[in-house]
Each structure stands twice: as C-alpha cells, then as structure tokens.
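Encoded as structure tokens, the structure appears first; notes follow it.
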There are 2 protein chains.
Amino acid sequence: MAASAGVSIAAASFALRDKPGVSPETRDRVLAVARELNYTVNVPARSLRTARYGAVGLYLPPGSTRLPYYTEFAFGVVDAADRLGLSVILLPHRGPGDASAPTAFVDGYVVVDATTEDAGIRAILDTGRPVVSGEHMVGGDDRVSASVVSDHASAMTRLLDHLSDAGARRIGAVLPPEGTAWSHDIARAYDAWIAGRGGLPISRRIAFVPTTDEVADAVTDVLATEYVDALVVVPSGSAAPALDAVARAGRRIGDDLLLAAYVDEPMHALLAPSVTSFDLEPRDFGAACVALLAEVWDADGLDDRVRVTQPRLVVRASTTRVRPT
Amino acid sequence: MAASAGVSIAAASFALRDKPGVSPETRDRVLAVARELNYTVNVPARSLRTARYGAVGLYLPPGSTRLPYYTEFAFGVVDAADRLGLSVILLPHRGPGDASAPTAFVDGYVVVDATTEDAGIRAILDTGRPVVSGEHMVGGDDRVSASVVSDHASAMTRLLDHLSDAGARRIGAVLPPEGTAWSHDIARAYDAWIAGRGGLPISRRIAFVPTTDEVADAVTDVLATEYVDALVVVPSGSAAPALDAVARAGRRIGDDLLLAAYVDEPMHALLAPSVTSFDLEPRDFGAACVALLAEVWDADGLDDRVRVTQPRLVVRASTTRVRPT
DNA sequence: CGCGGCAGTACCGGATGTTAT
DNA sequence: AATAACATCCGGTACTGCCGC
C-alpha cells in the first residue's frame with residue numbers, strides 16, 4: 001500500500017489513524033500519498049485484527065414493510081451510520097422455524113417495533129452483541145442494550161388537549177389492538193385523559209392495518225353510540241376512510257366534528273380537509289438509534305438506557321374550526 | 001478452529017466447502033465437529049483471501065423512499081440474497097457534491113430506477129463492480145452489467161385493450177412527467193395505441209408524486225376537454241383523488257366511466273369502488289435483480305443482459321361495468 | 001511410479017507489540 | 001525520548017509437497 005510509495009509500513013498505519021508515534025512530516029507524506037492513490041483501508045482486513053466490522057444490522061418488523069414510516073426510519077439509520085463511517089446491513093426476516101442468526105458480522109443491531117415473539121429478534125439477542133431498539137420491545141428483554149422511545153402517552157395527551165382547546169367536549173377514539181407497547185400507551189393515555197375529566201371513554205379497537213370497511217364501521221359506530229364532537233383515529237391508513245364515513249354520517253369536519261389521525265402520512269396533507277396528526281420524524285428517530293448504539297459502544301455501562309423523543313403535532317384543517325364556537 | 005478438535009487444518013477448509021480432495025469420513029467428522037461447536041466461517045477473513053465479500057450493495061432512489069414499492073423491492077433483494085448466503089448493505093444517498101463511493105466492500109450492486117444524474121449512481125458505476133439495474137437506467141450507461149425491466153409498453157397496451165374490451169371507446173390518460181424510462185414507455189404506448197385506432201390522445205402530465213389538487217385538476221380537465229368513457233391515471237397515489245374528481249364531475253364509475261390506475265397500491269383494493277391497476281410484484285422484481293447479479297458473477301459474458309418481466313393486471317371494480325353495454 | 005489424501009505453509013491487508021536506531 | 005523497522009497475529013484460502021498404497 002502507501003507504505004511502498006511512502007516510507008515505512010507500520011508508520012503508515014499510525015499516520016492514517018493519526019495516532020502518536022509518527023513525525024508530522026512523515027504523517028503528511030503518508031496522507032498525501034494515500035489521497036493520491038485514493039487508498040481506502042480494507043475493512044475486512046482490519047476487522048480480522050480488531051474484531052470490529054464497521055457495520056450495524058438493521059431489523060425491520062416483518063410484514064409492516066408497506067408503511068412508509070419504516071423506510072424513512074431505515075434511511076435515518078443509514079445516513080447516521082454513514083456519517084460514522086459504518087455500513088448498514090438490512091437483515092432478512094426469519095420464519096418461525098429458522099432461528100439462524102440473520103448476520104453475524106456486525107458490531108451491533110438496530111431493531112424497531114420488535115417483539116420477543118419474533119424468531120429473528122430472538123436470534124439477534126442471542127448473538128450477545130449490543131442491540132438498540134426503536135420503541136420498547138414488546139415482552140421486554142434485558143439483553144436490549146438501550147432504547148429510543150417516543151413519548152406516546154404525552155403525545156396523546158397533547159393531542160386531546162389540542163382538541164379540547166379547539167372546543168371539543170366529547171372525544172371518541174378508534175384504536176389499534178393491544179399487543180404493541182405504543183398502542184398500549186396510547187389507549188391508556190386516552191382512558192386516563194377522559195377519566196381525568198370525569199368522562200367515559202368512547203372507543204373501538206380495529207386492526208393494526210385496517211381495511212376501509214373496518215375503519216368506516218368503527219367510525220360510524222362511535223358516531224352512533226353517543227354524541228361526540230371530536231374523533232381520534234389511530235391505526236395507520238385510517239384517515240381517508242374515516243373522513244368518508246364521517247361525511248356519510250352527515251357530520252361536517254371543522255363544523256360539528258374535529259378529526260385527528262395519529263401517525264402522520266404524506267397523504268394527510270393532501271386530503272380534503274387535510275388531517276392533523278403526529279410527525280414521528282422517523283428519520284431522526286432512526287438516526288437517534290444509531291447515535292445511541294454508538295454511545296453503547298463507547299461507554300460500557302450506560303446509565304440512562306432509554307432516550308425519549310416527543311412526536312411533533314402537525315395541526316391541519318381537520319382540527320380547526322371553520323366558525324369559532 | 002474445528003481443525004484442533006478434529007484432525008487437520010486445511011483439510012477442514014476443504015471439507016467445509018465440500019471440495020474434492022478429502023475423504024468422506026474425514027469430511028463427516030469435520031462437519032460434525034463444526035456443527036457441535038456451531039462454527040461459522042469468518043466472512044471478513046475469507047474475503048481477505050478471496051476478494052469476495054459476500055455482500056451486495058442496494059441503492060434505492062433518493063426521495064422516493066415513501067413509496068411502499070421500494071420497501072417491498074428491498075426485501076425482495078434481501079430475501080433472495082439471504083438464500084444465496086449474501087448480505088445486503090443499504091447504501092446511503094449522496095448529495096450532488098459528495099461523490100465518495102457509498103461502500104467499497106461489496107461484490108456487486110443492485111440499483112433501481114436509477115439516473116446518471118445521481119452522484120451516488122455514478123460513484124457506484126465508477127467502482128467497476130457489477131451493477132444490475134431494476135428498470136432501465138435513465139441516460140443509460142454501458143457499465144451497467146444487466147437489467148431487469150418491466151414491460152411497461154406491453155402492460156399499458158394490455159390495460160388499454162382491457163378497457164376497450166370492457167366497452168371503452170375514448171380513453172384519456174393522466175401521465176407522469178418524462179424523465180424516467182418507464183414513464184416514457186407508458187406515454188409512447190398510450191399514444192401508439194390511440195393512434196393505432198385512428199384516435200387522438202387526450203392526456204395531461206402531472207408530477208411524479210402529485211398533490212390531490214393536481215390530480216383533481218388534471219382529471220377534471222381531461223373530462224371537460226372531450227367526452228371520454230375511460231381514464232388511466234398513472235402517477236403514484238392518484239387513484240383516490242381521481243375517484244373524487246370523477247364524482248364531482250358528475251360521472252359514475254362503472255356506469256358511464258371506467259377508471260384504472262397504473263402502479264398497484266394496497267389502497268386500491270380498499271377504495272370504493274376498488275381500482276384496477278398493475279401489480280409490479282416488487283418483491284419478485286427485487287429477487288430477480290439478485291438472481292441476475294449472481295448470473296453475472298458466474299458467466300463472464302452474459303449474452304442477454306436484459307430480463308423482461310410482465311406486470312400482472314389486477315382487475316377490480318373500477319373497470320367493470322355495472323350494466324353491460 | 002502414479003495418485004489420492006492430507007499436512008505444511010505462504011499469503012491476503014492491516015493492527016499492534018517489540019526491538020533497534 | 002522519539003521514531004522507525006520488524007515480527008506476529010487475525011482466520012481463512014490455496015498452493016506445494018510428503019506420505020503410503
């Protein structure tokens with residue numbers, strides 16, 4: 001390598017990683033030659049010696065791959081890793097039977113919305129390498145090194161406050177099924193907020209990724225149960241069908257009903273009316289996971305193993321009154 | 001490694017890769033010991049010697065990351081690679097200024113919907129390693145080793161035939177802008193089909209990922225220009241707003257108008273009426289790219305450098321007449 | 001003497017500890 | 001004391017050559 005074109009061989013190694021033990025002029029010469037030959041360290045060769053692979057494994061939840069959220073998250077991870085000089089290996093999903101480790105040669109893993117039900121997740125935990133989870137892992141496992149979580153409880157509370165500020169008195173909700181940490185948090189926050197005001201919850205649970213009809217039925221049902229003047233629809237993709245069902249029920253958004261979704265989707269800005277929801281900022285979220293993983297590497301015992309992020313409420317027309325009360 | 005627990009050292013290497021030159025019984029013993037110690041080859045160490053890295057770089061188009069299509073594609077690549085024992089490195093996007101290679105240590109790249117405009121793509125081509133592109137690269141480059149392409153021309157023709165079979169006489173189209181190979185193919189196929197029947201095209205071009213209003217305006221415009229009894233809306237996400245605009249124009253789908261989208265989206269099955277479109281089968285498409293890359297590795301001179309796949313037309317209610325003509 | 005089966009060993013490219021200057 | 005040269009090692013792969021039949 002540059003050593004031949006330069007001077008020594010081990011000296012070059014020192015120069016390139018600018019460690020002490022080499023004269024400034026030698027270092028400069030080495031760096032110059034290295035740049036000229038556009039030399040790149042051979043990562044595999046280095047990892048042979050250092051047992052560091054310069055790579056992080058990324059495990060996205062199987063099945064949910066159609067939600068744009070995860071793609072954004074993935075690129076948040078990739079870009080943050082890139083800035084640290086790391087590669088991201090996108091890990092394959094494992095069927096229930098196949099517990100082989102998705103990939104061995106990484107320095108750590110980032111997983112998101114994980115469950116211990118998942119054989120792939122278990123295989124990852126079994127490697128013993130650092131694992132950072134985005135959102136709490138359902139069924140928790142103390143082998144998770146650290147987590148970045150959104151404060152869904154506080155977010156839901158803020159959303160309900162926002163609706164209340166806009167004049168809502170009776171707020172209904174269409175919720176996802178229990179089974180993930182965040183749906184649990186949201187449901188609890190809703191119940192608590194309602195209870196705190198001496199009210200009774202008016203909610204329905206539908207699927208995680210519901211069909212149009214399922215959403216429509218739930219919305220219609222909630223609207224028919226009791227008079228509500230605001231509605232929060234949480235499951236992904238339910239904003240559009242909810243708007244539809246609301247119109248068919250003869251209610252008018254911004255007039256006698258406010259509507260908010262939960263997870264923001266590009267479509268929400270395009271609907272008529274546009275729909276209020278939370279930007280979970282998946283890119284930043286992914287980047288935060290990588291940053292936390294890097295901290296885990298640096299510090300052995302991380303005292304605060306959980307980082308909390310606050311979803312950003314994007315207020316749009318659907319929660320704005322046309323005529324002030 | 002197992003050599004110590006077994007017998008030799010180089011023999012083990014042969015046994016593990018079942019190469020000739022080792023007796024069946026020795027091989028069995030080695031394999032047994034390997035399994036017992038759950039030994040895994042150290043990929044970096046091997047690549048030091050072989051200059052093969054067991055990894056493929058995946059480059060998704062920057063910006064389009066919100067389309068579920070690409071996520072599906074990515075997992076098609078990952079799963080196919082996994083079956084070949086390869087890892088997939090998700091490559092970061094590069095700004096216009098930064099032409100550094102996204103990652104050096106891969107055996108080849110899979111890119112999709114690429115343009116030579118993209119600095120990241122150029123950096124990938126500059127590595128000199130095999131590159132398989134999903135869809136033709138815009139601005140073509142002969143350093144692309146091979147491509148898997150959808151036959152959009154034939155697909156569009158089939159769609160128009162389908163509409164014609166369902167009784168359509170005048171078919172309008174809302175098209176994406178020129179600038180990608182496939183939008184070009186689709187537009188040409190539309191014009192050709194119309195011309196072949198002695199008609200005149202009735203089309204509008206809107207953005208690649210249009211806003212609701214943009215779609216509505218274009219649809220309204222086409223419907224107002226001239227009497228059309230069928231409409232194809234190509235850009236992603238335009239089905240729902242198109243249905244809306246159609247209703248506002250006083251036309252009834254399945255009655256006096258047929259509507260088809262182009263790229264299938266999960267939502268199309270959920271809309272009312274459900275919308276006909278092409279399933280591009282992105283998972284299979286991604287898998288095909290990996291398969292082709294593997295062929296490029298095996299065979300030096302690949303004679304047919306292009307694989308063609310046929311999109312699958314998913315006929316739904318929006319192109320079915322309620323009352324037969 | 002030819003040949004299959006296997007042990008011995010140089011080498012891949014860089015990191016690091018040791019010795020020499 | 002600072003710097004440079006050298007030796008070793010990381011874990012495999014792929015030669016060469018020895019051995020016995």
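In this text the structure is predicted, and so the values were computed from the model without any measurement. Here is the naming used below: chain letters follow the sequence lines, and residue numbers restart at 1 for every chain.
Taking only side-chain atoms of Tyr39(A), from C-beta outward, the nucleotide of dA14(D), dG14(C), dG12(D) with the closest atom is dG14(C). If you check dC12(C), dG12(D), dG14(C) against the side chain of Asn42(B), the one that comes closest is dG12(D). For Ala45(B), the listed nucleotide lying nearest its side chain is dG12(D); candidates were dA15(C), dG12(D), dT13(D).
Counting heavy-atom neighbours within 6.0 Å of Glu117(A) CD, excluding the residue itself, gives a total of 12 or less.
Under the 30°/60° scheme for interplanar angles, the aromatic rings of Tyr69(A) and Phe285(A) are found to be tilted.
For Arg17(B) and Phe14(B), the positive end sits near the middle of the six-membered ring, less than 6.0 Å away and at most 45° from its axis.
Here the P atom of nucleotide dG14(C) and the CG atom of Leu37(A) are 12 Å apart, to the nearest Å. The distance from atom CZ of Arg27(B) to atom C1' of dC6(C) is 13 Å, rounded to the nearest whole Å. Taking atom OH on Tyr53(B) and atom P on dC12(C), their separation rounds to 13 Å, with Å as the unit. Residue Ile9(B) contributes atom CD1, which lies 17 Å from atom C1' of dC18(D) at whole-angstrom precision. The distance between atom CG of Asp28(B) and atom C1' of dG5(C), rounded to the nearest whole Å, is 15 Å. Distance Leu48(B) CG to dG13(C) C1': 5 Å, rounded to the nearest Å. At whole-Å resolution of the value, CZ in Arg46(A) and P in dT16(C) are 10 Å apart. We find that CZ of Phe14(A) is positioned 12 Å from P of dT18(C), with the value rounded to whole Å.
Residue contacts for Thr26(B): at a heavy-atom cut-off of 4.0 Å it reaches the sugar-phosphate backbone alone, with no base atom in range.
A 4.5 Å side-chain heavy-atom check between Val149(B) and Thr309(B) finds every atom pair outside the cut-off.
In terms of phosphate contacts, Ser13(B) brings a side-chain nitrogen or oxygen within less than 4.0 Å of OP1 or OP2 of dT13(D). Proximity of Arg17(B) to the phosphate of dT13(D): a side-chain N or O atom is located under 4.0 Å from OP1 or OP2. Between Arg49(A) and dG14(C), a side-chain N or O to OP1/OP2 separation shorter than 4.0 Å is absent. Phosphate contact (OP1/OP2 of dT13(D), side-chain N/O of Thr50(B), threshold under 4.0 Å): absent.
Ionic pairing of Arg305(A) and Glu295(A) is not present here: no N-O contact between side-chain nitrogen and carboxylate oxygen is shorter than 4.0 angstrom.
When the nearest nucleotides of DNA chain C are assigned to Ser23(B) and Thr40(A) by heavy-atom distance, the more 5′-ward of the two goes with Ser23(B).
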